[in-house]
Structures are given as C-alpha cells and as structure tokens.
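These notes are about the structure you will find just below.
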Amino acid sequence: MSQPDPKNVSLFVTCVVDQFFPEVGESTIRVLRRHGVDVEFNSDQTCCGQPAFNSGYWKEARPLAERFLDMYEGVEYVVMPSGSCASMVRVFYKELFHDDPTLLERAAEVGSHVFELSEFLVDVLGVNDASESEQSGTPSRVTYHEACHLRRELGATTQARKLINGTPGVDLNEMEQSEVCCGFGGTFAVKYADISGAMLDEKITHIRASGADAVVACDITCLMHIGGGLEKQDIPVRPMHLAEMLDKGAV
Amino acid sequence: MAEIRTKEFKTLAADTLGNDAIQEHLKALYSGFNQGRLQQAAATQNWEDLRDRARRVKAHTIENIDHYLEMAAENVENAGGKVFFAKNSEAATKYILDLAKQKEVRSVIKGKSMLSEEMDLNRHLAKQEIEAVETDLGEYLVQLAGQTPYHIIVPAIHMSKSDVNELFHENLGVDPHAGVEELASAARNELREKFIQADMGITGANFLVAETGTLVLVTNEGNGRMSTSMPKTHVAIMGMEKIVPSMEDMGTFLRLLIRSATGQRISSYVTMVTGPRSEIEEDGPEEFHLVIVDNGRSKLLADPHLREALYCIRCGACLNACPVYRKVGGHSYGWVYSGPIGAVVSPVLTDVPNAKDLPYASSLCGACKEACPIKIDLPRMLLYLRSEVTEGNTDSSRKKSSPIEKFAMKAWQVSVGGPSMMRLANLIGRLVQLPFARNGRLRLLPPPLSGWTRHRSFPAISSSPFRSRWKKGIKP
C-alpha cells in the first residue's frame, strides 16, 4: 500500500479569509508551496456552515455542509488556515448529521482528511523549522493566542508553538492565560457584545503584559476580534495569522 | 420551585459586569480553584483514566437508572431507612413538611443542598413557622443576606469581608470591624446553638451508593456530619442522578469530585451514612429518610442529546473554567444552577422558552468540557439547545428566535450558497459598508451590530477577495 502523497493539498481558505483577509490565504499558499506542496483551490467553495450551525440554525447549515462534502469527497488532504472551520467539519458535522446515517458516514470520512494548517505542517509534513524568512537584526517578540476550537476540539496545542519557536528571528513571549477564549464566539460577540467585550479586555491586558509586538494565532476570526479591540484601544500590537508570520516573519 | 429569573439574563449580566468588586472575586476563580484543579490533575498519576472510568460508570448507571434506584431503595430500607420517590419539587416539599408536622419539628439544620434550592425549601419551611438554618458557612452568609447561592461550591464567592462584617453586625451584633477569626467564631457560636436545638437535619447527597444504601457527603466544615447525626430525624434529599452502583466507585468519584471542586486531595470531611442509628451504634438519628427527586430530570434522561447532563457530580469546575461565568457570575443565570452546566440544565428543568438566552450565553470555547471530570460535552449540548430554540426540533412551542435574526440567517445562507452569490454579496457588502468604512476599518456600525463596534472595530470587506487573487495567480 502506498502512502497518499502529502504534496497534493486542496486549500479551503474559509469565507472570512476570502472576503476580509485575502492576504492570509496568499500567505498560506506561499508557506505550503515553500514546503514543496502543490496547492489546489476549488473556487466553488464558500463556507463550511459554522455561523448558522453555532447560532442554532441547523437547517440553514445543512445544505452548506452537504455542499462541502460533495466538493471534498475523495480529496486526500484538505487544509484550512483555521482550527474552527476544521473543527466544524471534523467534529460538528457529526452532530449536524446525527439523524442521517449516510451523511454521517460521509462526514466522518471527509472529516478524517481535514487538517488545520499548523497540524498539517507539523503532523503530516513533519516540519520543524518552518520559515525561510530572513533572520532580522533584532528578534521580533510575538505572543501566541490559543484558538479555542484548535485546542479543545482538535487537541492541537503544540504544533503552532513549535512552528513559532522554529522561526528564525522570532521570540515567543508567552502571555498569561493564552488558552482562555478572547470572547469572540461568532454571533456571541454581537448577541452578548458587552460580555464578549469584557473577555476581550482581559485578553488584551495579557497580550500587553507579554511585551510582544505581535499576537499570533491560527484562526483569523480570533484575530479579527482581538485586532479590532487593539485598534479600538490604539494599542500598537499587530494581530498576525500564523501563516503570515511563517510567510513573512514577524517584523 | 424556586423563582425563575432566567429571562433576565441580559440585565443581570450587565449589572454584574458593572460591579468592580464582584469582577475581582470572579477573576480570582481562575488563579484559585481552576489552577488548583489543574495542579491536582497533574499530580494524580492516572487522572485521565479516572475521568474515563467515571464517565463509563455514570453512563452505565444512568442507562440503568431504574435498576440502581430500586437497588438503592431496597438497601436503604434494609438498613432501617425510609425512601420516598418525588416526581417534582412540590411532592418532595410536601413529604418533608408532612414529616416535620408529624414530628412536631420547630427547627431544622440544613447541610448544603442545591436541590433544596430548586425546591425553595427554606421558604416553604418558614411558611409553616419552622426555622431552617443553613450550616455551611457560605450558605449561611447567603441565607442571612436573603440571597441564593452564587456558585455550586462557594455560595458566597461574591461577598467581600466587609460585606460579611456588615451582615454579621446587622444580624448577630458583631463588631463591624471584626477580623476573620472573630467572624468565624461568631458564626460557630451561633450555629452550635442551632445544631443542639434542631429537631430535624436536612442534607443533600453527593452520592448514594446503591449496593449498600449509603449516603455520601463531602464537606470541609463538618456541618454535614453534624446535620446527619445530631437531630433525631435526618432527611436526605437527592436528585435521582446522584446514584452510583458500588462502594468501589467511590474511590474514583471522591478523587475526581474533590480535586475538581476545590483543588484539595481530600476534603476535611467525607461522611458516609447508612440508615439511622442501629442498636449497636452510639450516635446518629432515630429516623433516616431519603427523598429521591426527579423534578424534570427525566426530561434530560429521555433526550439522548442531553442525557449526559445527568452525569454531573456538581463539582463546579466548569464554572471556574468558564470565561463567561467569570464575567457574569452566578446570579445572572437566573435560576439555581449557573455556568455552563446551568446553561444546559436550567432551560430543560424550567422549560426552554423560559431560558432561551442561556444556551447562547457561551462563546463555545470548550473550557467547560476540558475541565469537567466526567468529560461532559457541554458545548455540544449548548449547540443542541440552540437548535431547539431556533427550530424547535421536538416541541413547536420552543421556537423562539427573533424574526430579524431569522432573516439575517436566511440572507447569509443565500450569500454563501455558491461562488456567484458570494461575488454578488461581496459587491453589495462593499456598497453597504461605504458610509462606515475609513482606512479599511468600520468603527461605528448601526444596531444590531453596534454592540460589536462598542468594543472593537471591524475589517472592511476586501475589494479583491482571495478567490480573485487566486485566479490572477499568487506571487511567490
């Protein structure tokens, strides 16, 4: 039996990256290519369905989830620059399709081929020293925010840190409570904006205390939330997706 | 049933967010109990095995709950105790009030019991002119203040020392500047009298061992032991899910419960009571009554999606781990149980339409599931309840989502229906955001998105989304 070639990857870029942070998608492509991966992009892709599913609108989420299954069935490696979207497919599709054995089986099969970017780089490609970016004169200090779904649904707690530590010119200054939610939670941040805002304030306090110049995470939605707060409060700490850091360094 | 204020979640949460003193107390739950649990877990060699084993035992017990409840009842009766099955809190309350009348009870001492909060038992006893005194110190403080417990394990976590000074000054005449030891000794003196006078002791149950009919109580103050042994009549009330099959299981559950609750290896007291005082025993009550209460739990049992909520051993670890609980505190949840477990069980026990805000009061971060010693999948159940709220899968009366929200979801669904719709949505979005966008950021949005921009800015929709960049080719 021959092992499937991890050099062929289909990128699911996620709807938020596509529409709001396209540069993260570009960085993801460049990082994967630098590791010799041939990246495909199926331009029929839209969204995994998570926003509706998380808000309780399962009927609205289902057609999107089925669409995802149709698109990626048979693909060996689907890589996403998001732990949250990867969790949706790998973990929560099973919940969404709990009453349909056929879809449930398909979801389990497709889900087993889905990887978040840092998982794919470290666990599948075996990357240790990730970046080819130039060593800068003074190392940039970054701190790492653990995205909730990446940590608790996918169980990936070490991969991103390994990649950050392996990046020349970058120092990881761990913040306190890096594993505590930033308060985003999708529609939670709108429905309960003030509770979410209070959680964000606490996260920002820890980010500042770390003394880092940039906060790195594997999920753009956390960074959209954290970055929105940093911007609102005029705090000069840069939110940075792991893909961008690996692509360009932290300077 | 206790008063249900679950509909007031938003206002109660806003009050708590604005209370700086309480915010500090809540913050300390992370460095205190939460870290304590983590340290104990790390220091316990087979922690993960214990969690898995406990989960298996609970799953098995709940699947066979009829069998184990019958076994427990038989063994309690064999030990000389009496057992009453109560369908709801009213039936349980009536049994206790009738018994109190029959025994001419005038004062009751109470061990900690969340179920008695469900029943609002103290108020019902007071109506019959029976004085019921809480003997857990935290519960005592909360009772003096006319409040309900703020946290399953630490009921008065929201009170500061000066709050206690004020309370003791007003109620017990203690010097308003008394130190902690003085306050503790005032409470001890006051409670000691009550223990001696009481005609009846009422306690909850941490566990009931089916094979022996043994009630297990975990406390740090010894008040549970005094409540079970000093008065002539002891009544234990328990939710039906507190049953465990064998004494051997206690080794697993006591380790998990205590380490997860307070970060101790063992609590100061673990009390095991099997029936009333026997002929060869020197102390203990003359009568022992066990009241096993359903009060909506069979609704959890009947729904395979929610059944594992009955695995809960009420350690409070999910509250301490929850970043939302650490902001909104216990009272905001509006009913007996708070935090993630409260957000799951309150809607079911009080009926979903009453508590539709609770399943949404979570960022779904999963810290609760990570902390739960029984690995209860709380986020999954919150998600399921959200779908119950919006779609009412099992009961049409549960449909409760707002028309605006429904419309927004439909519009979103259409916009991500396919690549061409997404291109169109991108165009519309960029037009709509025009009046709000400056330097690629949206800093002030109208309702319902104004809440977002109160605390954070929002990125503008890109005029060249990834899909068009891909088409042009990504530069190396």
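Reminder, nothing fancy here: chain letters follow the sequence lines and each chain counts from 1.
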If I measure from the heavy atoms of chain A, does Lys471(B) come under 4.5 Å with its side chain, its backbone, both, or neither?
neither

Is there side-chain contact between His149(A) and Cys365(B), with heavy atoms separated by less than 4.5 Å?
no

Which portion of Leu11(A) sits near chain B, non-hydrogen atoms under 4.5 angstrom:
side chain

For Pro476(B), is it the side chain, the backbone, both, or neither that has a heavy atom closer than 4.5 Å to a heavy atom of chain A?
backbone

Could you tell me which non-hydrogen atom of Gly49(A) sits nearest to which non-hydrogen atom of Trp412(B), and how far apart they are?
CA-CH2, 4.0 Å

Shortest non-hydrogen pair, Arg454(B) vs Ala193(A), comes out as NH2-CB, 4.3 Å

Report which part of Val328(B) has an atom under 4.5 Å of a heavy atom belonging to chain A: side chain, backbone, both, or neither.
side chain

With side chains defined as the heavy atoms from C-beta onward, is the minimum distance between Trp470(B) and Ile29(A) less than 4.5 Å?
yes

Got a donor-acceptor contact below 3.5 angstrom from the Lys191(A) side chain to the Tyr360(B) backbone?
no

Neighbours of chain A found in residues 16-34 of chain B - heavy atoms under 4.5 Å
Leu17(B), Lys27(B), Tyr30(B)

At a heavy-atom separation under 4.5 Å, does Ser463(B) approach chain A through its side chain, its backbone, both, or neither?
neither

Nearest heavy-atom neighbours spanning Phe188(A) and Ser363(B):
CD2-CB, 3.8 Å

Distance-minimising heavy-atom pair for Met409(B) and Ser55(A)
CE-OG, 3.3 Å

State, with a plain yes or no, whether a side-chain heavy atom of Phe458(B) is found less than 4.5 Å away from one of Met224(A).
yes

Checking Ala13(B) against chain A: side chain, backbone, both or neither under 4.5 Å from a heavy atom?
side chain

Hey, is CZ on Arg33(A) packed in by over 12 heavy atoms from elsewhere, all under 6.0 Å?
yes

Would you say the rings of Phe9(B) and Tyr192(A) are close, in the sense that their centroids are separated by under 6.0 Å?
yes

Parallel, tilted or perpendicular for Trp452(B) and Phe184(A), by the 30°/60° rule?
perpendicular

At a heavy-atom separation under 4.5 Å, does Ser362(B) approach chain A through its side chain, its backbone, both, or neither?
backbone

Hey, does Met199(A) have a side-chain heavy atom less than 4.5 Å from the side chain of Arg326(B)?
no

Would you please test Lys232(A) and Arg441(B) for side chain to side chain contact (heavy atoms under 4.5 Å, CB included) and show each step?
CA-CA 10 Å; Lys232(A) 183 102 185 172; Arg441(B) 304 296 299 182; over 6 Å; no

What I'd like to find out is whether the side chain of Ser387(B) reaches to under 4.5 Å of the side chain of Phe53(A), using heavy atoms alone.
no

Stepwise salt bridge (Lys or Arg N to Asp or Glu O under 4.0 Å) check, Glu231(A) with Arg456(B)
CA-CA 7 Å; Glu231(A) 210 250 16; Arg456(B) 34 220 168 308; over 6 Å; no

Side chains of Phe92(A) and Leu383(B), heavy atoms from C-beta outward: is any pair under 4.5 Å?
yes

Check: Ser196(A) and His455(B) side chains under 4.5 Å, non-hydrogen atoms:
no

What part of Arg443(B) gets within 4.5 angstrom of chain A, counting heavy atoms only: side chain, backbone, both, or neither?
both

Arg386(B) and Asn54(A): which non-hydrogen atoms are nearest, and at how many Å?
NH1-O, 2.7 Å

Might you work through the salt bridge (Lys or Arg N to Asp or Glu O under 4.0 Å) test for Lys406(B) and Glu60(A), ending with a clear yes or no?
CA-CA 10 Å; Lys406(B) 267 208 154 88; Glu60(A) 284 75 7; over 6 Å; no

Does any heavy atom of chain A fall under 4.5 Å from the side chain of Ala425(B), the backbone, both, or neither of them?
neither

Which atom of Val190(A) lies closest to which atom of Pro448(B), heavy atoms considered
CG1-O, 3.2 Å

State whether the side chain of Arg30(A) and the backbone N or O of Lys475(B) hold a donor-acceptor pair below 3.5 Å, judged by distance alone.
yes

Pro419(B) side chain reached by Ser43(A) side chain, heavy atoms, under 4.5 Å
no

With a 6.0 Å cut-off on ring centres, are Phe466(B) and Phe41(A) close enough?
yes

For residues Gln413(B) and Tyr57(A), is any side-chain donor paired with an opposing acceptor at under 3.5 Å?
no

Quick check: does any side chain N or O of Asp194(A) sit under 3.5 Å from a backbone N or O of Gly451(B), one acting as donor and the other as acceptor?
no

So what's closer than 4.5 Å to chain A heavy atoms on Arg469(B): side chain, backbone, both or neither?
side chain

Under 3.5 Å, side chain of Thr46(A) to main-chain N/O of Val416(B), donor-acceptor pair present?
yes

